[in-house]
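Letters go in sequence order (proteins before strands), and every chain restarts at 1.
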2 protein chains.
Amino acid sequence: MQSNLPHLQSIFTTDCVIFGFREGELKVLLIERNEYPFKGWWALPGFFVEHNETIDDAVKRILYEHTGLRGIFMEQLYTFGDLKRHPQGRIITVAYYALLRLDDLKSQPEPVTDYARQAVWHPLNNLPDLAFDHRHIIDKSILKVRRKISYSPIAFELLPEKFTLTQLQQLYEAIWGRKLDKRNFRKKMLNYNILKELPEFQRGVSYRAARLYKLDKRKYAKVFQNELTFSKD
Amino acid sequence: MQSNLPHLQSIFTTDCVIFGFREGELKVLLIERNEYPFKGWWALPGFFVEHNETIDDAVKRILYEHTGLRGIFMEQLYTFGDLKRHPQGRIITVAYYALLRLDDLKSQPEPVTDYARQAVWHPLNNLPDLAFDHRHIIDKSILKVRRKISYSPIAFELLPEKFTLTQLQQLYEAIWGRKLDKRNFRKKMLNYNILKELPEFQRGVSYRAARLYKLDKRKYAKVFQNELTFSKD
DNA sequence: AATATAGTGTGTATTTGTTACACTATTAAA
DNA sequence: TTTAATAGTGTAACAAATACACACTATATT
């Protein structure tokens, strides 16, 4: 079936917007392309989808290659099929976004693939020019994440297992791009009843020791039964 | 580029969940397939995407072929790429949903295409068995529409230009599958400030003449600047 | 002609959620 | 030990969502 109908054949790829959070700001993992077109440009990690491979599987592969991790939160974003998005003909891309705990990374990401010269975390607010329509894809991802964290607290996927409420608030502020009221934020978060207060405190980061919390996954699942996808199989 | 890399070639299609609203219930347009596989089964209208055609364009084509109308509200839903969704090999489908004013239809839909034997509006609550994973696609569409009408009043796309608040409420009730309080519904809708009260009344439908409203498109656009896509170019 | 019915139409009280706002306790660094 | 930075806490005003009860009218049935 693959070869009979050449005018119906299409090549397609996935591109993945991988978000991380560090130093109070959102980061995106970009690769420097080592292939034409756009050789030397920054781009989203992504690759072709094989004809015997699920799209999800292709994304999981890309995530693993770039992070060495499995079980990363990921979700399909949108499929882009403009005729001119790729200079060499119409290539469709199914874009995903993923949320990553940067603390889980052992080291700086080193791309296993050879289509990339390097992979670097870029602050979202200061992105270089990007290949193809990748800037557009990132913008669309942010909008999605922004909307989604207001009805499903996926933000936790960006934090270490144990976190302070201040960290959580800074994360929301980074995603929404505006300051939040500390007391109101805490009230609301604790009212969700999905956080477990830990006996421990975080020391050394700030002047005063800060209470640590972690996500209560049972209650979390109860309240937000939206099927969240993770890149582990 | 199309023929060099056979293992990267995939065939893909779009499938379109076309919703309508009549007699107080949501309807979905289904076709009876005239081709194998699943010949004789009910399925979503959809077709192959040509390699020199935008996905949006393919959907617009399908919408026009089945309704004779342009300018229908449509939005991309999700891209399905399971290996087993099509018995003859992996065919990716980009699913869209569309909202249609049934009153705009001149006549019963007659498929121009010959892959369909007939096209029939089915009540959403009583669907036949469907080909492929089309049932799954429909379910996902409903969830999307349900969520979307709470933050963006796309429901108007299903109503005639002039409508009563009762009709609007019945539509919301059909989409959400639950009764709403009449007074609260009216209050909320009128508070959006996107409805224009008409001097006219609707007679003959109910015992009492009912006030007609129409959408104030300027204010609507101001408040909900979410890029809504319509199938006109 | 009387009556039942289904639909339209309106206001208020209650609850719930959102926002605004200021001080003390603790720790680190000078 | 003094200074500066951050953690942590409660309440009042306001806005929004919800619950709730009744009056009116056109039509259909008896």
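- Counting to the nearest Å, the C1' atom of dA19(D) and the NZ atom of Lys179(B) are 17 Å from each other.
- Side-chain contact between Pro45(B) and Ile18(B) is present, with heavy atoms from C-beta onward closer than 4.5 Å.
- Rounded to a whole Å, the CG atom of Asp181(A) is 14 Å from the P atom of dA7(D).
- With salt bridges taken as basic N to acidic carboxylate O contacts below 4.0 Å, one links Asp139(A) and Arg135(A).
- With hydrogens and angles left out, the side-chain atoms of Thr166(B) and Arg211(B) include no donor and acceptor closer than 3.5 Å.
- Atom CD1 of Ile92(A) and atom CD1 of Ile55(B) lie 5.0 Å apart (nearest 0.5 Å).
- Shown for residues 164-172 of chain B: residues whose heavy atoms fall under 4.0 angstrom of DNA chain C, namely Thr166(B).
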Between the protein and nucleotides 12-18 of chain D, list every N/O to N/O distance that falls short of 3.5 Å.
unit_1  : atom_1 : unit_2    : atom_2 : d
dT18(D) : O4     : Lys187(B) : NZ     : 2.9

Side-chain donor/acceptor pairs under 3.5 Å, residues 174-183 of chain A, sequence neighbours excluded:
unit_1    : atom_1 : unit_2    : atom_2 : d
Trp176(A) : NE1    : Arg146(A) : O      : 3.1
Asp181(A) : OD1    : Arg183(A) : N      : 3.0
Asp181(A) : OD1    : Asn184(A) : N      : 2.9
Asp181(A) : OD1    : Asn184(A) : ND2    : 3.4

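- Aromatic ring centres of Phe156(A) and Phe163(A) lie closer together than 6.0 Å.
- Tyr96(A) and Asp15(A) form no side-chain donor-acceptor contact under 3.5 Å, judged by distance and modelled atom types alone.
- Note on Arg85(B) versus Asp82(B): no salt bridge recorded, every NZ/NE/NH1/NH2 to OD/OE distance being 4.0 Å or above.
- The closest side-chain heavy-atom distance from Lys60(B) to Met74(B) is below 4.5 Å.
- Figure legend: Arg70(A) and Tyr64(A) shown as a cation-pi pair, the cationic atom lying under 6.0 angstrom from the six-membered ring centre and within 45 degrees of its axis.
- Rounded to 10°, the angle separating the first-five-pair axis and the last-five-pair axis of the helix from dA1(C)-dT30(D) to dA30(C)-dT1(D) equals 20°.
- Nucleotides of DNA chain C that come within less than 4.0 Å of any heavy atom of chain B span, from the 5' end to the 3' end, dA6(C) to dT12(C).
- The aromatic rings of His122(A) and Trp42(A) lie perpendicular to each other, with more than 60° between the two planes, well past the 30° mark.
- Test Ile194(A), Thr164(A), Leu198(A), Leu165(A) against Tyr213(A) for side-chain contact (heavy atoms from CB on, under 4.5 Å) and you get one pass: Leu165(A).
- Donor-acceptor pairing under 3.5 Å, judged by distance alone, is absent between the side chain of Arg183(A) and the base of dA7(D).
- Using a 4.5 Å cut-off on side-chain heavy atoms (C-beta onward), Leu29(B) and His66(B) make contact.
- For residues 200-211 of chain A, proximity to DNA chain D is found at Ser206(A), Tyr207(A), Arg208(A), Ala209(A), Ala210(A), Arg211(A), defined as any non-hydrogen atom under 4.0 angstrom from a strand atom.
- Judged by distance alone, the side chain of Gln169(B) and the main-chain N or O of Arg186(B) form no donor-acceptor pair under 3.5 Å.
- Between the side chain of Arg101(B) and the backbone N or O of Phe21(B), no donor-acceptor pair lies under 3.5 Å.
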